[in-house]
K.L.:
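A single structure is presented below for examination.
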Amino acid sequence: MDKNCEKSKKETKFSLFFKKMHKKFDYMMFPDDIKCLFCENDIPNFYEKPYCAECEKIIQVNDGHRCIICDTPIDDEAKVCDNCRKHVPNFKKAFCAFVYEGVVKNSVLSYKNDNKRYLAKGYAICLAKKLKDLKIDFITFIPLTKKKLKERSFNQSQLLATELGKILDVPVVDAFEKVKEEATAQKFLNFAERQKNIVGLYKLKKIDLNKNMNVLIVDDVMTTGATLSFCSGLLKNKVKNVYVSAVARTKLKIKLN
Ligand SMILES: [Zn+2]
Ligand SMILES: [Zn+2]
C-alpha cells in the first residue's frame, strides 16, 4: 500500500509539473497581438481595436446610457442606478469596457479559467481608451488568496493592471491581500448579502499613500461592485479619489434588499 501511495504521490507531482510547464509554454508561444479577443481570428489593427468587425456586430460595448457612478447599463432615463442610490459605493466612478454577456462573457471566463493570459493585452487596450483622460497616480488590483493563486497560476486582475499600467505609463502597486475565501460564493447572494459576505476578506497592505493620490483598482468583471467597493473603502480616507475599472460590467438584475 505504501508503495502504491508513494507512486501515486509521484505521479501527482509529475503531472502537476507538466501542467505548470504546459501553461507557461502556452503563454510564451501564443502570438498575443494579432488575435481578436472574442473569436481569435487574426486581425490587422489589433492596437487600434483588438476585436474583428464580425465580433463587433454581436458584442455590447459599454457605451450606451449607464449609471454615472457604477457604469452599469440603465434602461430608463435615470442618471444613477437603483443600486448606487440605495448603497452608495466607496469608489468615485467605475469604467467598464463591455457588457458582460455572450461572447464577451465567454472570453473573460476563458481568460481566467483556461489560462488565456494573452487576452489581457487586448482588454487593457480597450480599458485604456476609457481611462485616457483620467489622472491616476497608481493602479492596483483585486487580489486572490494564496491558495487560489497557486491553483490558477496567475491573478487575472493583476495581469490586466500590469498591461494597463504599460499602456497608460502608470505604476502598478500590490495594495491588497485576500486573507480568506468567501464563506458562500458571491453568485448565490443578493447585494446586501454580498456586501456582508466579503467583510474581512481583504486587507490593505502597508504602502505609501497620501491625500493627493488618485488610485485605480482593476478587476476582470464587475457584477454588483461589492468587492471593488469594499476594497475602495480600504483606501477611501487615505487618498484623494478611488476609481475602479473592469473589462466587463453586468447589467443590473440582482435583487437589492
Ligand atoms: Zn472576432
Ligand atoms: Zn450605479
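Atoms within each ligand, like the ligands themselves, are counted from 1 in listed order. One is the number of the first residue; the rest follow in order along the sequence.
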K.L.:
Could you tell me whether K93 sits above the aromatic face of F95, with NZ or CZ closer than 6.0 angstrom to the six-membered ring centre and within 45 degrees of the axis?
P.N.:
yes

K.L.:
Between the side chain of T145 and the main-chain N/O of K180, is any donor-acceptor distance below 3.5 Å?
P.N.:
no

K.L.:
Would you please classify the geometry between the F38 ring and the Y51 ring as parallel, tilted or perpendicular, with 30° and 60° separating the classes?
P.N.:
tilted

K.L.:
Could you check whether E193 pairs with K196 (Lys NZ or Arg NE/NH1/NH2 to Asp/Glu carboxylate O, under 4.0 Å)?
P.N.:
no

K.L.:
Using a cut-off of 2.8 Å, how many protein N, O or S atoms lie below it in distance from the Zn ion (ligand 1)?
P.N.:
4

K.L.:
Would you mind counting protein N, O or S atoms that sit less than 2.8 Å from the Zn ion (ligand 2)?
P.N.:
4

K.L.:
Please determine whether a side-chain nitrogen of the Lys or Arg among K116 and E40 lies less than 4.0 Å from a carboxylate oxygen of the Asp or Glu.
P.N.:
yes

K.L.:
Taking atom types as modelled, find out whether S153 and R117 have a side-chain donor-acceptor pair closer than 3.5 angstrom.
P.N.:
yes

K.L.:
For side-chain hydrogen bond (donor to acceptor under 3.5 Å, both in side chains), just list the numbers for Y123 and S107, CA-CA rounded to whole Å, side-chain angles, deciding distance to a tenth of an Å, and then say yes or no.
P.N.:
CA-CA 10 Å; Y123 294 148; S107 167; 2.6 Å; yes

K.L.:
F98 and side chain to side chain contact (heavy atoms under 4.5 Å, CB included): which single residue from V247, D63, V103 fits?
P.N.:
V247

K.L.:
Please determine whether salt bridge (charged side-chain N to carboxylate O under 4.0 Å, His left out) holds for the pair K49 and E56, giving the CA-CA distance in whole Å, both sets of side-chain angles, and the decisive distance to 0.1 Å.
P.N.:
CA-CA 10 Å; K49 193 182 274 184; E56 194 170 3; 2.8 Å; yes

